[in-house]
Amino acid sequence: MSKYPEYKQLNLPQISADMLRFWEEQKTFEKSVTSREGKTPWVFYEGPPSANGLPGIHHVMARAIKDIFCRFKTLQGYQVKRKAGWDTHGLPIELAVEKGLGITKEDIGNKNSPKYLSVEDYNKACRKEVMKYTDKWEEVTKKMGYWVDMTDPYITYDNKYIESVWWLLNNLYKKELLYKGFTIQPYSPAAGTGLSSHELNQPGCYRDVKDRTATVQFKIQNSKFKINSDLYILAWTTTPWTLPSNTALAVGKDIDYVLVESFNPFSGKLQTTILAKELLNKYFSEKNAELKFEDYKAGDKNIPFKIVGQAKGSELAGITYEQLLPFVKPEGDAFKVVVGDFVTTTDGTGIVHIAPSFGADDFQVARKNNISSLTLVDKRGKFLPQVQDGVFLYGEEFVKEAYLSDEEKKTEFEKQKKILEAAGKIKELKAYLSVDERIVLKLQEEGKLFKKETYEHSYPHCWRTDKPVLYYPLDSWFIKSTAAKDRMIELNKTINWKPESTGTGRFGNWLENLNDWNLSRSRFWGIPIPIWTSEDRSEQICIGSVEDLQKEIANAVAKGAMKENPLKDFKSGNNSEENYNTFDLHKPYADNIVLEKNGKKLFREPDLIDVWFDSGAMPYAQLHYPFENRSLIDNGLSLSQGRGSAAKGSEGEGAAVAAFPADFIAEGVDQTRGWFFTLHAIATMNFDSVAYKNVVSNGLVLDKNGNKMSKRLGNAVDPFITIDKYGADATRWYMIANAAPWDNLKFDVDGISEVQRQLFGTLYNTYGFYALYANVDNFLIDEKDIVPVKDRQELDRWILSKLHSLIKDVTELYETFEPHRAARLIEEFVDEHLSNWYVRLSRRRFWKGEMSTDKKAAYETLHECLLVVAQLMSPIAPFFGDWMYQNLTSPIREKAIANKTPLQYESVHLTQLVKAETNIIDVNLEQRMALAQKISSMILSIRKKENLRVRQPLQKIQIPVLDKETQAKIEAVKDLILAEVNVKEIEFVDESKTQIVKNLKLNFKTLGKKCGANMKAVQAYGGENGTKIIHDIESTGKHILNVNGAEVILETEDVEIIPVDIPGWKVANSGPITVALDVTISDVLKQEGLAREIVNRIQNLRKDKGLDVTDRILVKIQENAVLNTAINNNLNYICSETLTGDLQLVQNLNNATATAVEVDETISTLISIEKLN
RNA sequence: AGUCCCGUAGCUCAGUUGGUUAGAGCACCACACUGAUAAUGUGGGGGUCAGCGGUUCAAAUCCGCUCGGGACUACCA
């Protein structure tokens, strides 16, 4: 006969290992998908991680969230396919390779470099690098119990994947949503590439930096003002290195400016300067206005000044000035004052230095005013050779200190020291001087500096190289996302965001302020832009498939533009791996292709595309759409846009198979501007559809002190260690239950052990209890022979009612993506209701007597509870849930398979989710039981106060009851209370029998509305006249009072009358409930109490001796006058409780075999037990 | 710099229309219970609900300001 497995100890890591083996052997994950064949699909997209970094604990968090809903939907009967993916392109990989090989961007493909590496070899290295930690990722995926199909992942560097991406791009090209433009963009010299705005918006990109800033004076040439000295215009800059590229100054049209006569603080020369009136006192201290000009000596700290003129910004426009640092002369118009609408008076002088090449506003205002530009910095972030004066500037220098390595800085410093000290500019140079500092020194020497200071402001940094970004004029391909802005906003409103605020706020605001998407990346390892252009830009071809490319090359070969076709082996229409491995679409191969159109040679646009486009294209590219699986996307489009015939049914069958859009995606909140956006943008612009319907953006995982985890700080939690130690289930449960997914989680391993003890320990014990007694009784669940719920006793019906309420609530919470609340409800059910009430109160039913209907009902009830909990928890704790399911069901599996009953499945993850049966939910019953729990707790608290142990039976509880309904409820659960608190009877009392003291409680909610401002007076009145009010309300239903001349009628609803005391009794009260306990102990009660003590001592001895729960025993007790009576009067009770076959009272018990026990404070004796038969 | 979110016990969190003495779990102390017990029960200590001001009969809850934390936005010269 089959038995339920019994265990010695809970070992969660062991359970995980066992289940993992089981799943692998049984192919449970595969079955959970294939067994749903033909059912409605529930579409999930896996955001591709990059395998060149190690997985962290936050990945466990993010993947737990994904896993929960995929498993839950599978339980509901949907088919949930989960294709893994790898993000393989992009800067992080390139940088890792460069670092590994000890090269920089300038060495790649540059034959003049001593460290030359061909693009071909470089890309080979990238291809290898990107899969470096694949095994670690697979391991963590497996160990944490994340079900995703890693056998056939999508890989963004695959030719098939690239072909789909090209198809999408060509689609946008055809819609004229791709264009090439020249703009000022964030550019990272260190990475050698422009950065898109969403890259710049990665958290941590903007950092506070201290910069040397300067207020500079530009000498005006054609002044119309009548003044006594040279006239200068003041402008402030935080980037002095852009000053050599200055070609204009911008003023605010309506801003008031003043002309101030004063002395240059450095040279002491008399001069007149222009600045905004509002900012006058920032540069000229008010108290210095009193000083006399004739008293001033060069070098004085306090410099006199006087206002000698005033002008609006619009009047200043058109003034020309001398070039500040004439290293290079610009072609065309320059050095003019222009009007700019972005100019404010919050900072600086109210006049903005314009270097059109290094600022977006600068660029625009210059273009508008026909001002030419100077670009005296190259793409490496170095000055052009012309920017040198031999003393302060040396040409070809990095403009930002952060770009220099320590070594370079040292070399530069030595050079500077030599030159500057020799020139007598600095007596002893102690540290490297930045370009900014030296420009300021040069300006100071030339009398062009007005003020210098250090200024802290936030400045964008490259998210990968950590170096500051430059704004730089770049040629780039853009996606015209602004054209689809309104539609994206509209479609976003149909997406269910968790939490909502991320969708409306963070994402919504982002869409409102959308810029065009800069697609270009000047790197090597990525998807090439599939556009070929003639040198004169008159002819252009965008390629949308390998077949297209093959044909175009064939044409080029025919026209002599190319010698041979690198795609000659490709067979169009053949989607096999072999066919797609006959070529490579990456650099340098793509660049070697030259096309031909109308007699002109076409060359590939050199850029790669932003990797974010790669991942945003995954819904289609993972399916090689539209070259394969065409219907999976197209069906989805018809369905979601209401053009399909069959509405997507829930759990229904026969719906059209679709894999678009996703029903669900989940990633970190940091992906809002990343993957969430690119998915949305690509779907909107290509298909006029959302890419996902539900999205959970989860928060950060912080350390237990709320700090960000980082390898550098050493506070990062290793997921492998944590999972090995505590098991995946406890780790997952802790992370899910502790905080809402979208809140940041303070990760504390102590929290995991708490979950381990409280939830898993309790469940394990509860199962152990079931298994122990079911095996003793040779009981097995029989799905076809179950006691009907209506025939089970109150306690059973109660826990089942609770259980079905739980099913209902948990299902709803999973449906609305609130897993933390589902987890908390399950915890509460297991701990408070199942273990600490149902099992505790039912224990005797399991170990008493022969099999009966009631006993059977108890087993069935407990079994159902455990089984359902196993199922409800399985999405969060997949190992333990399955383990418990298998323990509870494996003994009857064969029978269930034969009968095709619900328990036929070998794993909980293959089962069908139970549905809440509303007719089992009995609210009234749940209220009754809550009352029983409350009253029991109150009685126990009286016992505690009176120092009366629970083993001592007491006679009577009195409960004053004011309404019949409550009384009936308590009546129904009376026996449970009495058993729980060891009292013999409950008596309901009212005034007719007993004097009851009552308190009056006013209902502020109803009274507040009734009396408004008189509330305080009524409150005071109520406090003084409680007894009278109670009397009136009880007899007539109302009480009339006068406050401040107003009449207030107190009615039943306005007051609560609470019995609080019965004189002469020990009383406890809580809310409206009051209980009283009779604490007198009669002789009979005393004897019963002693009998129970004896039972307890015998039980302890049985346990100590290691007897089996079914062993019968012989008990010998040393005589004692008081004890004898107690034992004799309760002999049957003692014997049946302890399975004693024979109880002997002996005069002298042998000390050697007996144990001395204290029965109570006054009685001691000796007891010995031995096993019978 | 601006916008938004948050601030409740030592820790983790509940506390949706404003309503009487602000709750739970963990941790700590004491006592008890235990033939499922790495559990549990009862009691205890622990809170100016970040601070200040306002609205109101009544504020953890609504409003304003300040402080602290976080996220987002930003070419801010």
Inset, instruction - Rounded off to whole Å, could you give me the CH2-to-C1' distance for the A/W236 and B/C75 pair? - result: 13 Å
Legend entry - B/U56 and B/U61, which share atom name C1', separated by this distance in whole Å: 13 Å
Legend entry - Who pairs with B/G41 - Watson-Crick or G-U, where each distance is under 3.5 Å: B/C31
Inset, instruction - Report which part of the nucleic acid A/D362 touches: base, sugar-phosphate, or nothing (heavy-atom distance under 4.0 Å, all strands). - result: nothing
Inset, instruction - Look at the side-chain N and O atoms of A/R757 and state whether any lies under 4.0 Å from the OP1 or OP2 oxygen of B/A39. - result: yes
Inset, instruction - Ignoring the backbone of A/N738, work out which of B/C13, B/U40, B/U37 is nearest its side chain. - result: B/C13
Legend entry - Distance, rounded to the nearest Å, where A/L825 contributes CG and B/A24 contributes C1': 14 Å
Legend entry - First of A/T766 and A/D831 reached from the 5' end of RNA chain B, by closest nucleotide: A/T766
Inset, instruction - Output yes when A/R1097 and A/E1093 qualify as a salt bridge under the 4.0 Å nitrogen-oxygen rule, no when they do not. - result: yes
Inset, instruction - Could you check how far CZ of A/R821 sits from P of B/G15, rounded to whole Å? - result: 8 Å
Legend entry - Out of B/C75, B/G25, B/A36, whichever nucleotide has its closest atom nearest the side chain of A/Q758: B/G25
Inset, instruction - Mind calculating the distance between CD (A/Q952) and P (B/C33) to the nearest angstrom? - result: 11 Å
Inset, instruction - Between A/S835 and A/E754, name the one whose nearest nucleotide on RNA chain B is closer to the 5' end. - result: A/E754
Inset, instruction - Return yes when atom NZ of A/K282 has more than 12 non-hydrogen atoms of other residues, nucleotides or ligands closer than 6.0 Å, and no otherwise. - result: yes
Inset, instruction - Give a yes/no on whether any side-chain N or O of A/R824 is located under 4.0 angstrom from OP1 or OP2 of B/C13. - result: no
Legend entry - Base-pairing assignment for B/U17 (Watson-Crick or G-U wobble, both under 3.5 Å): none
Inset, instruction - Sticking with atom C1', work out how far B/G18 lies from B/C62, rounded to a whole angstrom. - result: 8 Å
Inset, instruction - Using the P atom on both, measure B/G70 against B/C49 and round to a whole Å. - result: 24 Å
Inset, instruction - For B/A58 versus B/U17, give the span between their C1' atoms, rounded off to a whole number of Å. - result: 15 Å
Legend entry - Which nucleotide in B/U40, B/U42, B/U37 has an atom nearest any side-chain atom of A/R843: B/U37
Legend entry - Residue A/E818 excluded, over 12 heavy atoms near CD under 6.0 Å: yes
Legend entry - Euclidean distance, atom OH of residue A/Y7 to atom P of B/A36 [Å, nearest integer]: 20 Å
Inset, instruction - Could you label the plane-to-plane angle of the A/Y283 and A/F450 rings as parallel, tilted or perpendicular, counting under 30° as parallel and over 60° as perpendicular? - result: tilted
Inset, instruction - Kindly write out the residues that satisfy side chain to side chain donor-acceptor pair (under 3.5 Å) with A/Y838, not counting sequence neighbours, or none if the list is empty. - result: A/D796
Inset, instruction - Would you mind reading off the distance between A/R1092 atom CZ and B/A32 atom C1', rounded to a whole angstrom? - result: 14 Å
Legend entry - Pairing nucleotide - B/U56, Watson-Crick or G-U, each distance under 3.5 Å: none
Legend entry - B/U55 to B/U12 separation - C1' atoms, rounded to the nearest Å: 34 Å
Inset, instruction - Determine the interatomic distance between P on B/G19 and the same-named atom on B/C63; round to the nearest Å. - result: 15 Å
Legend entry - Assigned partner base of B/A74, Watson-Crick or wobble definition, under 3.5 Å: none
Inset, instruction - Starting from P on B/A36, measure out to CG on A/L888 and report it in whole angstrom. - result: 18 Å
Inset, instruction - Flag the pair A/Y4 / A/Y770 as yes when their ring centroid distance falls below 6.0 Å, and as no otherwise. - result: yes
Inset, instruction - Determine the contact category for A/V950: base if any of its heavy atoms lies under 4.0 Å from a base atom, sugar-phosphate if only primed atoms, P, OP1 or OP2 are that close, otherwise nothing. - result: nothing
Legend entry - P-based separation of B/G54 from B/G68 [nearest Å]: 23 Å
Legend entry - Complementary nucleotide for B/U61 - Watson-Crick or wobble, under 3.5 Å: none
Legend entry - Pairing nucleotide - B/C26, Watson-Crick or G-U, each distance under 3.5 Å: B/G10
Inset, instruction - Determine the interatomic distance between P on B/C72 and the same-named atom on B/G53; round to the nearest Å. - result: 35 Å
Legend entry - Side-chain N or O of A/Y773 closer than 4.0 Å to phosphate OP1/OP2 of B/A36: yes
Inset, instruction - State which residues pass side chain to side chain contact (heavy atoms under 4.5 Å, CB included) with A/E980; sequence neighbours excluded, sorted by chain then number. - result: A/W837, A/R840, A/L841, A/S936
Legend entry - Spacing between A/R943 atom CZ and B/A32 atom P, to the nearest angstrom: 14 Å
